[in-house]
**Student:** 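Let me give you the structure first, and then I'll get to my questions.
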Amino acid sequence: MTTTDSASGVDFIREIVAEDIKTNKHGGKVVTRFPPEPNGYLHIGHAKSICLNFGIALENKGGVCHLRFDDTNPCKEEVEYIEAIKRDVQWLGFDWGKHLYYTSDYFEKLYEYAVQLIRLGKAYVCSLSADEIRGYRGTLTQPGKESPYRTRSIEENIELFKRMRAGEFADGTHVLRAKIDMASPNLNMRDPAIYRIRRTKHHRTGDTWCIYPMYDFAHCLSDSIEGITHSICTTEFENHRPLYDWILDTLGVECHPQQIEFARLNLSFTIMSKRKLLELVEEKKVNGWDDPRMPTISGMRRRGYTPEAIRNFCERIGVAKRESMVDIALLEHFVREDLNKRTLRVMAVLHPIKVVIDNYPEGEVEELECVNNPEDANMGTRKVPFSRVLYIEQDDFREEPPKKFFRLAPGREVRLRYAYFITCVNVIKDEVTGEIKELHCTYDPETRGGSAPDGRKVKSTIHWVSAEHSIEAEVRLYDHLFTKADPCDEKDETDFKKFLNPNSLEIVTSSRVEPCLAHAAPGSRYQFERLGYFCVDTRDTGNKKLVFNRTASLRDTWAKVQKAEGT
RNA sequence: UGGGGAAUAGUGUAACGGUAGCACAAGUGACUCUGGAUCACUUUGUCGGGGUUCGAAUCCCUGUUCCCCAGCCA
């Protein structure tokens with residue numbers, strides 16, 4: 001695990017933690033938690049939080065990080081999400097050990113805390129409707145009005161709250177509210193609701209409860225119950241901290257964790273809102289939560305990302321409070337960096353064009369030795385069959401080569417990687433359409449393996465496969481999900497879908513890959529030489545079908561040249 | 001015209017009164033049997049205006065801009 005505190009300073013949260021350890025604030029303990037709501041899949045923004053929370057626990061002796069499902073709203077939560085979240089955290093490389101918790105496990109305790117709050121005269125049952133409560137709340141600039149139910153006696157409140165629990169009231173008829181200050185400039189302190197009635201089956205507690213605690217009430221107390229020392233969350237909860245502290249102080253609990261806020265991750269050309277991601281899934285704009293175009297952990301895993309790459313990314317982006325938008329190129333950099341070191345190189349031709357080597361003996365096949373990974377000699381070599389009829393990439397041939405195009409062209413000699421120098425001698429076209437059907441070339445037998453005894457050089461090396469021996473595969477090329485760096489930067493909340501990239505998925509159906517890929521394991525990763533990093537799709541690869549997902553393309557200087565020349 | 005936060009190269013993030021650094025991106029060159037990788041070099045920055053100080057990204061004053069909050073969501 002890479003948790004090296006690189007050259008310069010640590011982030012402000014780690015600074016606080018270090019200081020607290022030094023001053024023995026929590027008896028020297030460090031207990032953090034990652035508290036997802038099981039209402040969707042985890043995304044790269046969650047990965048940042050996971051790396052932070054588990055990372056801090058790992059870096060400090062005796063540190064622990066809990067995984068706690070914040071399941072206080074049964075309307076939105078499902079078991080499927082719980083399983084997915086656990087899988088994703090584990091896959092990222094983190095271990096909560098025995099510290100797996102659910103807020104719903106604390107429902108009884110939380111109920112008792114609520115009763116205690118009532119006894120203290122600090123909570124009351126309010127029978128205003130939701131609309132009325134909103135009206136009484138006031139506005140950002142005007143104070144709210146006190147609810148007429150605010151003065152109910154403690155006894156009456158306890159009785160009513162009991163009856164709420166007993167299911168005597170319909171949804172929405174009553175709510176338990178903290179009695180704080182309707183004139184507070186912080187709207188969260190204007191007698192926030194802390195329990196509501198919801199006759200919804202809970203995915204874990206079933207029909208046991210018909211009242212459920214609100215986040216503000218449940219979260220701080222769950223932290224306290226678990227002995228959390230540092231409760232790290234995102235900046236939108238900063239306004240909630242006074243309430244977090246008020247509840248714990250008012251109840252006088254022994255453990256009062258410190259809430260610390262950091263800025264959530266924004267990544268260019270994608271979105272990070274669980275709600276919006278759900279929308280894409282439900283409206284079939286993508287093929288599920290694990291669609292390789294999604295910024296979800298499961299999507300990235302299916303796309304071929306490695307946990308190491310994601311962790312390195314999370315470490316590099318840092319932790320701070322300012323709102324920011326990280327360039328998705330940085331994420332892509334870290335996958336390439338990791339995959340470059342670890343993947344087997346193979347040859348695959350995405351858009352094949354037939355090449356006949358005129359002077360190569362018909363029927364002959366030779367096995368040529370290819371390096372598996374030039375970055376790592378330990379990965380060895382493999383044999384790849386070569387024969388008279390080959391496929392090369394359409395892009396690697398130009399009948400009329402532009403300037404700076406180094407690849408194959410009529411009369412030009414190039415190297416077939418690990419094979420021979422070939423020279424294009426003829427171009428066969430369809431008489432009607434003019435489409436290039438096949439290329440005829442000659443090879444130089446002296447250049448076997450890829451180098452010329454006479455020392456002559458070629459400008460380019462291209463990849464190839466033997467027509468007869470190669471196998472067919474489907475290759476899925478992905479591009480950014482959105483065409484706009486910040487798709488949510490619009491007045492209208494629904495506008496983000498206008499910027500969905502229509503070309504985010506390109507399916508190439510008749511690619512030809514090296515025979516060694518015939519039994520490639522689902523999920524295994526490769527570099528297709530000169531093209532990019534690809535992995536075998538775990539969902540759609542079957543007996544008859546081989547499907548590859550492009551994780552990331554290789555850096556392409558030629559594409560840059562073309563772009564610069566405007567061709 | 002309430003309250004809470006935040007402003008450092010194109011992007012992200014350090015520097016905690018003492019040389020503004022790192023990564024990505026961009027550019028140049030070297031090398032190369034991947035136009036990959038690698039290596040070297042380069043461009044670009046402290047939100048504005050005042051002040052304190054020998055010295056300010058850092059401290060003070062002031063202005064500006066951006067983000068969050070009026071769910072019985074989290």
**Student:** With rounding to whole Å, what would you report as the distance between B:rC73 and B:rC66 at their C1' atoms?
**Tutor:**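 Each nucleotide's C1' atom is 25 Å from the other's.
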**Student:** Does A:K274 make a cation-pi contact with A:Y41, if we ask for NZ or CZ under 6.0 Å from the ring centre and within 45° of the axis?
**Tutor:**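 So A:K274 doesn't make the cation-pi contact.
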**Student:** Between B:rG3, B:rC67, B:rC72, which one does the side chain of A:E323 approach most closely?
**Tutor:**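 Within the option list, the nearest is B:rC67.
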**Student:** Within the stacking criterion (centroid distance below 5.5 Å, interplanar angle below 30°), does A:W558 stack on B:rG35?
**Tutor:**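 Base of B:rG35: stacked against A:W558.
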**Student:** Considering only B:rC72, B:rG2, B:rU13, which nucleotide approaches the side chain of A:R198 most closely?
**Tutor:**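 My answer, after comparing the listed nucleotides, is B:rC72.
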**Student:** A:E15 has a side chain; which of B:rG12, B:rU11, B:rA15 sits nearest to it?
**Tutor:**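 Closest of the options to the side chain of A:E15: B:rA15.
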**Student:** In terms of the nearest nucleotide of RNA chain B, which residue is placed more toward the 5' end: A:D71 or A:D11?
**Tutor:**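 Final value for this comparison: A:D11.
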**Student:** With sequence neighbours excluded, what pairs up with A:A130 under the side-chain contact (heavy atoms from CB on, under 4.5 Å) test?
**Tutor:**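 Per chain and number, A:A130 pairs via side-chain contact (heavy atoms from CB on, under 4.5 Å) with no residue.
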**Student:** For the side chain of A:N239, counting heavy atoms from C-beta on, which of B:rC68, B:rC72, B:rU34 is nearest?
**Tutor:**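 The answer is B:rC68, which lies nearest to the side chain.
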**Student:** When rounded to the nearest Å, what value does the distance between P atoms of B:rG36 and B:rU32 take?
**Tutor:**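 The answer is 14 Å between these two P atoms.
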**Student:** Could you pick out which residue, A:T72 or A:R134, lies toward the 5' side of RNA chain B when each is mapped onto its nearest nucleotide?
**Tutor:**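 It is A:R134, whose closest nucleotide lies nearer the 5' terminus.
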**Student:** Any idea which of B:rA6, B:rG35, B:rG36 is nearest the A:K404 side chain?
**Tutor:**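 The listed nucleotide nearest to A:K404's side chain is B:rG35.
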**Student:** Select base, sugar-phosphate, or nothing to describe what A:T235 touches, counting heavy atoms under 4.0 Å on all strands.
**Tutor:**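 If one applies the 4.0 Å heavy-atom cut-off, A:T235 turns out to touch nothing in the nucleic acid.
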**Student:** Check side chain to side chain donor-acceptor pair (under 3.5 Å) between A:S49 and all other residues, then give those that pass, not counting sequence neighbours.
**Tutor:**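 Side chain to side chain donor-acceptor pair (under 3.5 Å) list for A:S49, sorted by chain: A:N53.
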**Student:** Counting side-chain heavy atoms from CB outward, which of B:rA37, B:rC68, B:rU8 is closest to A:R322?
**Tutor:**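 Comparing B:rA37, B:rC68, B:rU8 against the side chain of A:R322, the answer is B:rU8.
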**Student:** Can you tell me how far C1' of B:rC66 sits from CG of A:N266, to the nearest Å?
**Tutor:**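 The answer, rounded to whole Å, is 13 Å.
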**Student:** Between A:V465 and A:V513, does the side-chain contact (heavy atoms from CB on, under 4.5 Å) criterion hold? Intermediate values first, please.
**Tutor:** CA-CA 7 Å; A:V465 292; A:V513 302; 5.8 Å; no
**Student:** Between A:R345 and B:rG36, is there a side-chain N or O to OP1/OP2 distance below 4.0 Å?
**Tutor:**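 Checking B:rG36 against A:R345, no side-chain N or O comes under 4.0 Å of OP1 or OP2.
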**Student:** Write out the stems for RNA chain B, ordered by first number and formatted as range with range, counting runs of at least 3 consecutive Watson-Crick or G-U wobble pairs under 3.5 Å.
**Tutor:**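 RNA chain B stems, ordered by first number: B:2-7 with B:64-69, B:10-13 with B:21-24, B:26-30 with B:38-42, B:47-51 with B:59-63.
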**Student:** What do you reckon, are the aromatic ring centroids of A:Y526 and A:F534 less than 6.0 Å apart?
**Tutor:**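 They do not qualify: ring centres at least 6.0 Å apart.
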**Student:** Can you check the distance between B:rG45 and B:rA25, where both ends of the measurement are the C1' atom (answer in whole Å)?
**Tutor:**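 Going atom to atom, C1' in each nucleotide, I get 15 Å.
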**Student:** For the side chain of A:K560, starting at C-beta, report the closest nucleotide among B:rG27, B:rA14, B:rA74.
**Tutor:**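 Nucleotide nearest to A:K560's side chain: B:rG27.
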**Student:** Between A:E413 and A:Y443, do the side chains contain an N or O donor and an N or O acceptor separated by less than 3.5 Å?
**Tutor:**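 No donor-acceptor contact under 3.5 Å links the two side chains.
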**Student:** In whole Å, measure the gap between the C1' atoms of B:rG55 and B:rU62 for me.
**Tutor:**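 After rounding to an integer number of Å, I get 23 Å for this pair.
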**Student:** Roughly how many Å apart are B:rA57 and B:rA20, using the P atom of each and rounding to a whole number?
**Tutor:**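 So the two P atoms sit 8 Å from each other.
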**Student:** Centroid separation under 6.0 Å, is that true for the rings of A:W464 and A:F386?
**Tutor:**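 Yes, ring centres under 6.0 Å apart.
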**Student:** Any idea which of B:rG2, B:rG35, B:rG5 is nearest the A:T141 side chain?
**Tutor:**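 Minimum distance to the A:T141 side chain belongs to B:rG2.
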**Student:** Heavy atoms from C-beta onward define the side chain here; which of B:rA74, B:rC72, B:rG35 lies closest to that of A:T557?
**Tutor:**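 So the nucleotide nearest the side chain must be B:rG35.
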**Student:** Please report, rounded to the nearest Å, how far the P atom of B:rC39 is from the CG atom of A:N340.
**Tutor:**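 After rounding, the gap between these two atoms is 11 Å.
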**Student:** What nucleotide, of B:rG12, B:rA37, B:rA74, holds the atom closest to the side chain of A:E375?
**Tutor:**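 The nucleotide sitting nearest to the side chain is B:rA37.
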**Student:** Taking the P atom of each, how far is B:rA23 from B:rU38, in whole Å?
**Tutor:**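 Nearest-Å result for B:rA23 against B:rU38 at atom P: 13 Å.
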**Student:** Go through the side-chain N and O atoms of A:H351 and A:E393 and say whether any donor and acceptor fall under 3.5 Å apart.
**Tutor:**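 Distance-only check fails for A:H351 and A:E393.
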